[in-house]
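Bear in mind that the values here come from a model prediction, so they are computed numbers and not experimental data. In what follows, every heavy atom counts, from backbone to side chain, and hydrogens, waters and symmetry copies are set aside.
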Amino acid sequence: MDTCLTDPNPCRVIGVLDDGAASLNASALAWLRNADVIIGGARTLALLKNEFKEGAVCRDLTARLKDVPEWVRAARADNLCCVVLATGDPLCHGIAPYLAQHLCVQALEILPNLSTLQLACARIGLAWQDARIVSVHARDAGEWSRGSPPGHGLYALAQALRQHARLLVLTSPDNSPDRIARLLLAEGLGDDFHMAVAENLLQPEERVLAELSPQEAAGMHFAALNVVLLWRVTPMPRPVRFGLADAEFEQRQPEKGLITKQEVRAVSLARLQLRADSVVWDIGAGSGSVGLEAARLCPQGHVFAVEKNEEDCAIAGRNHAAFGVANYSLNHAKAPEGLDTWPDPDAVFIGGSGGELAGLITGVLRRLRPHGALVMNFVTLENLATATAALQALESEGVSWDVLQLQAARSKPILHMHRMAAENPVWIVCARRMGEQA
């Protein structure tokens with residue numbers, strides 16, 4: 001970033017709406033008419049071309065965003081008056097922050113306009129001071145499906161739907177209102193939100209569809225220029241985030257379901273030292289109990305889960321659907337298959353290994369991010385011995401580890417009294433690299 005204190009010739013970043021010159025105040029219009037170099041998208045340049053002075057140089061930034069800072073530098077170096085045209089408010093998912101990163105704030109004078117989102121809210125009378133703004137103006141990643149990873153263009157919206165009652169969405173030609181509606185349906189939120197779509201604002205063909213159900217919108221077609229408003233019409237859920245009862249999860253019956261029991265799950269999650277944005281691996285997901293609770297504890301993170309048993313994977317998938325989290329991806333495979341495609345983890349839980357335990361431990365610890373933790377649960381002496389032997393072999397690489405034995409007892413009725421019934425003992429093994437503190 002360039003350093004400067006004040007600048008006698010800043011680049012003016014001017015917000016423009018689709019009614020062209022009519023959307024500009026006198027100051028913004030004067031700077032535009034006086035500009036020697038005008039930078040903007042093709043559509044915006046065409047919209048305002050009648051306002052440019054004779055001889056002004058126009059540069060189309062379409063697909064050339066990385067060139068814009070150098071164009072601005074060159075214009076300023078030649079002491080030319082430079083203007084960058086942006087849509088609406090350049091500081092709301094606009095170009096101004098990008099220019100500030102590559103130039104300096106003092107080199108810019110920002111003349112904002114109304115955001116198209118503000119205009120859309122005004123059209124239907126929706127208060128927006130507590131709304132979450134989300135941009136899905138990203139590369140096309142296709143339709144949303146439950147469990148899509150963070151790289152999907154609709155991922156941020158899927159997360160925001162679980163956390164906010166009002167959302168204002170900047171769309172793209174690919175991530176269109178009908179695709180957003182289908183996301184709502186895929187996440188089981190079709191009855192929880194209403195939609196409004198504002199098309200071609202401030203143009204003669206403007207159309208505002210003020211109240212659509214996702215079911216209706218999913219099959220409709222919309223103009224390319226639009227914004228979407230979403231508001232919840234059912235109460236916001238207030239789910240328990242930690243320590244869910246075992247009965248909350250579907251399990252394989254009778255009495256042979258793969259679930260980490262509540263007490264062991266609570267201690268295991270505590271040992272994972274999760275943060276709000278942690279990337280978590282759940283290897284041997286079983287019914288999904290650990291990974292799904294981790295997803296609730298990491299609302300800005302993501303859980304990648306794998307389960308080799310087809311029946312258990314199906315059960316974990318149904319638990320995922322019931323739990324209302326969109327930051328969880330479930331894979332039917334035998335670890336370590338597919339782990340090389342996952343991002344490096346902050347925390348890893350191994351509840352089952354399919355006979356690959358020693359290799360998994362070595363591979364996981366070499367991928368673990370700084371300050372990360374590997375937590376494993378064992379109920380057999382053989383698996384415990386395999387794990388501790390593998391960890392001992394890694395001590396020379398700076399791995400530290402410890403073992404906790406946990407045995408809980410739960411009260412059960414006996415006649416008119418109660419007795420304590422012991423659960424099976426579980427060994428909780430935690431490993432991290434020496435010198436790394438949580």
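Judged by distance alone, the side chain of Asn226 and the main-chain N or O of Val197 form no donor-acceptor pair under 3.5 Å. The main-chain N or O of Ala223 is found under 3.5 Å from a side-chain atom of Glu199 such that the two form a donor-acceptor pair. Looking only at distances, no side-chain donor or acceptor of His320 sits under 3.5 Å from a matching main-chain atom of Gly147. His164 places no side-chain N or O within 3.5 Å of a backbone atom of Arg166 that could act as its donor or acceptor partner. Remark: side-chain polar atoms of Asp89 are not paired, donor with acceptor, to backbone N or O of Ser115 under 3.5 angstrom. Checking side-chain atoms of Gln159 against main-chain N and O of Pro150 turns up no donor-acceptor pair under 3.5 Å. Checked by atom type and distance alone, the side chain of His152 pairs as donor or acceptor with a backbone atom of Glu143 at under 3.5 Å. Side chain of Ser176 to main chain of Ser172: no donor-acceptor pair is present (N/O by atom type, distance under 3.5 Å, no hydrogens or angles). One N or O on the side chain of Arg296 and one on the backbone of Val240 form a donor-acceptor pair closer than 3.5 Å.
Between Thr362 atom OG1 and Leu360 atom CG the span is 9.0 Å, to the nearest 0.5 Å. Once rounded to the nearest 0.5 Å, the distance linking OG of Ser145 with CG of Leu154 reads 10.5 Å. To the nearest 0.5 Å, atoms CG (Leu17) and CG (Asn113) are separated by 4.0 Å. Here Leu161 contributes atom CG and Arg132 contributes atom CZ; the two are 10.5 Å apart, rounded to the nearest 0.5 Å. Here CG of Asp140 is found 4.0 Å from CG of Asp174. Values are rounded to the nearest 0.5 Å. The CZ atom of Arg76 sits 8.0 Å away from atom SG of Cys11, with the distance rounded to the nearest 0.5 Å.
Looking at every heavy atom in both residues, Gly291 comes nearest to Val303 through O-CG2, 3.6 Å.
For Arg367 and Asp344, the salt-bridge test passes: some basic side-chain N is under 4.0 Å from an acidic carboxylate O. Salt-bridge formation is detected for the pair Arg366/Glu397: a Lys NZ or Arg NE/NH1/NH2 atom is positioned less than 4.0 Å from an Asp or Glu carboxylate oxygen. Ionic pairing of Lys334 and Glu337 is not present here: no N-O contact between side-chain nitrogen and carboxylate oxygen is shorter than 4.0 angstrom. Ion pairing between a basic and an acidic side chain is recognised when a charged N comes within 4.0 Å of a carboxylate O; Arg64 and Asp60 show no such pairing.
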Checking Leu269 against Leu274 for the side-chain contact (heavy atoms from CB on, under 4.5 Å) test, could you report, in this order, the C-alpha distance in whole Å, the side-chain angles of both residues, the deciding distance, and whether it holds? CA-CA 7 Å; Leu269 287 165; Leu274 300 175; 4.0 Å; yes
Could you walk me through whether Arg232 and Thr234 pass the side chain to side chain donor-acceptor pair (under 3.5 Å) check? CA-CA 6 Å; Arg232 181 174 277 276; Thr234 60; 3.0 Å; yes
Can His302 and Ser329 be said to form a side chain to side chain donor-acceptor pair (under 3.5 Å), step by step? CA-CA 8 Å; His302 195 87; Ser329 298; 2.7 Å; yes
Walk me through it: do Phe222 and Leu209 pass the test side-chain contact (heavy atoms from CB on, under 4.5 Å)? CA-CA 10 Å; Phe222 299 90; Leu209 301 167; 3.7 Å; yes
Under the criterion ring-ring contact (aromatic ring centres under 6.0 Å, His included), I'd like the reasoning laid out for Phe323 against Phe249: C-alpha separation, chi angles, the key distance, then a yes or no. CA-CA 9 Å; Phe323 266 63; Phe249 299 90; 4.9 Å; yes
Any chance you could lay out the side chain to side chain donor-acceptor pair (under 3.5 Å) test for Glu307 and Asn331, step after step, and finish with the verdict? CA-CA 6 Å; Glu307 172 54 50; Asn331 301 271; over 6 Å; no
Between Leu391 and Met376, does the side-chain contact (heavy atoms from CB on, under 4.5 Å) criterion hold? Intermediate values first, please. CA-CA 12 Å; Leu391 292 170; Met376 299 171 279; 4.1 Å; yes
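In this model, a donor atom of one side chain and an acceptor atom of the other lie less than 3.5 Å apart for Glu395 and Trp401. Using modelled atom types and a 3.5 Å distance limit, the side chains of Asn319 and Ser287 yield no donor-acceptor pair. Remark: the Asn377 side chain and the Ser268 side chain contain an N/O donor-acceptor pair separated by less than 3.5 Å. With hydrogens and angles left out, the side-chain atoms of Arg146 and Ser148 include no donor and acceptor closer than 3.5 Å. Donor-acceptor pairing under 3.5 Å is lacking for the side chains of His137 and Thr171.
Between Leu374 and Leu272, the closest side-chain pair of non-hydrogen atoms is not below 4.5 Å. Looking at heavy atoms from C-beta onward, Trp71 lies out of side-chain contact with Val37 at the 4.5 angstrom threshold. Between His371 and Asp346 there is no side-chain heavy-atom pair separated by less than 4.5 Å. Contact check for Arg432 versus Val399: no side-chain heavy atoms found under the 4.5 Å cut-off. Glu187 places a side-chain heavy atom less than 4.5 Å from the side chain of Arg162. Residues Leu229 and Trp128 form no side-chain contact, since every pair of their non-hydrogen atoms from C-beta on lies 4.5 Å or further apart. Annotation: side chain of Met195 is not in contact with side chain of Phe193 (no heavy-atom distance under 4.5 Å). Using a 4.5 Å heavy-atom cutoff, the side chains of Arg410 and Glu423 are in contact.
With respect to Leu85, the side chain to side chain contact (heavy atoms under 4.5 Å, CB included) criterion is satisfied by exactly one of Ile39, Val13, Leu61, Thr44: Thr44. With respect to Val267, the side chain to side chain contact (heavy atoms under 4.5 Å, CB included) criterion is satisfied by exactly one of Arg265, Arg271, Glu263: Arg271.
Other residues, nucleotides and ligands contribute more than 12 heavy atoms inside 6.0 Å of the CD atom of Gln405. The environment of Asp130 atom CG is dense: over 12 non-hydrogen atoms of other residues, nucleotides or ligands sit within 6.0 angstrom.
The aromatic rings of Tyr155 and Trp144 lie tilted to each other, with the angle between the two planes from 30° to 60°.
Note: Phe304 and Trp342 meet the aromatic proximity criterion, with ring centroids under 6.0 Å apart.
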